[in-house]
Protein chains: 2
Amino acid sequence: MPAVSGLPDDVEPGACSAFRTALDRVGSKWGIAIIAVTSGGPVRFADLHRAVPGISRRMLTLTLRTLERDGLLIRTVYPTVPPQVEYAATDLAKDLFASTRALSDWAEHNHERLEAARLAYDNDEESARQYH
Amino acid sequence: MPAVSGLPDDVEPGACSAFRTALDRVGSKWGIAIIAVTSGGPVRFADLHRAVPGISRRMLTLTLRTLERDGLLIRTVYPTVPPQVEYAATDLAKDLFASTRALSDWAEHNHERLEAARLAYDNDEESARQYH
DNA sequence: CTGGATCCGCACTGATACTG
DNA sequence: CAGTATCAGTGCGGATCCAG
């Protein structure tokens with residue numbers, strides 16, 4: 001049964017929930033950055049840590065585990081001394097990264113518009129407050 | 001200066017940060033759902049509440065404010081009794097929603113693969129734990 | 001009907017220290 | 001080098017009550 005008469009009733013089960021599924025996997029704070037870096041080829045932990053500015057080693061580890069769990073990353077351990085671990089994006093991850101492009105483009109083309117909208121909104125807020 | 005030699009050094013300033021910008025706007029738990037519903041035309045608050053299953057009125061209000069602030073939603077108040085408020089997606093939001101399609105498609109086509117990968121990973125974890 | 005205000009639990013995240 | 005363990009802060013999100 002449609003939740004609202006006259007409205008498309010396949011909003012939630014359709015594209016939206018699928019989008020959220022993707023977001024839950026890749027929408028984490030560092031997910032895309034890591035996939036982006038590892039898309040070029042295997043990268044070591046320390047290099048990854050340097051390549052993603054601002055990430056802590058803890059979050060790097062956690063995010064890597066999640067991505068590996070979802071089959072987006074291949075983790076290769078070389079039993080050397082000192083130990084060496086390489087992470088590489090799978091084809092699945094590369095597809096995902098490519099699917100990300102449209103959204104990036106949108107953001108890139110419209111971030112000024114968003115900025116302007118926010119400023120305008122905040123200004124209206126402020127002037128409206130002058131009437132208590 | 002490149003963070004990692006041999007690696008593309010425009011990972012963060014490029015597509016990735018733009019993607020994160022978009023995510024910060026629309027990656028909230030309910031953002032896309034609301035944009036999806038309001039893309040078809042103006043929708044009232046109560047109808048929106050029914051059309052997005054699981055959302056609380058509080059989060060609906062908060063998310064609507066954010067979207068309106070970013071110029072993604074138009075809020076129209078009819079000074080009737082009882083009050084009536086309609087929300088409609090702007091063209092900007094509709095573009096954003098369209099840019100979302102690629103990611104939704106990816107999720108739709110690959111969610112089984114993700115599921116399988118997770119099961120396999122968890123099984124390996126479990127059997128590895130048997131050796132303490 | 002459409003919110004605002006408040007309280008509160010929880011999950012994400014970072015800092016730090018420690019280990020194989 | 002590549003993690004793990006623990007502690008603590010922060011903000012999101014829900015529940016509830018109140019208001020125009």
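Below, read A as the first sequence line, B as the second, and so on, with proteins coming before strands; counting in each chain starts at 1. The structure displayed is predicted, hence computed values, not measured ones.
- Taking atom CZ of residue B:Arg57 and atom P of nucleotide C:dG3, one finds them 11 Å apart after rounding to whole Å.
- Within the 4.0 angstrom heavy-atom criterion, no nucleotide atom of any strand lies near A:Tyr78.
- Spacing between atom CZ of B:Arg65 and atom P of D:dC12 amounts to 16 Å, rounded to whole angstrom units.
- Of the listed nucleotides (C:dG14, C:dG3, C:dC1), C:dG3 has the atom at the smallest distance from the side chain of B:Tyr87.
- Across the protein-nucleic acid pair, B:Glu68 atom CD and C:dT2 atom P stand 15 Å apart, rounded to whole Å.
- Rounded to an integer number of Å, the gap from B:Glu86 CD to C:dC1 C1' is 13 Å.
- When distances run from any side-chain atom of A:Ala46 to the nucleotides C:dG14, C:dT2, D:dC1, the shortest one goes to D:dC1.
- At whole-Å resolution of the value, CZ in B:Arg44 and C1' in C:dT2 are 9 Å apart.
- Note: CZ (B:Arg58) to P (D:dG13) measures 9 Å, nearest angstrom.
- Nearest-nucleotide assignment on DNA chain D puts the 5′-proximal partner with A:Leu64, out of A:Leu64 and B:Gly54.
- Between A:Arg69 and B:Asp122 there is a salt bridge, with a side-chain nitrogen of the basic residue lying less than 4.0 Å from a carboxylate oxygen of the acidic one.
- The interatomic distance linking B:Phe45 (CZ) with C:dG4 (C1') rounds to 11 Å, in whole Å.
- If you measure from atom CD1 of A:Ile55 to atom P of D:dG3, you get 13 Å, rounded to the nearest angstrom.
- In this structure, the side chains of B:Arg44 and B:Tyr87 stay at 4.5 Å or more apart for every pair of heavy atoms.
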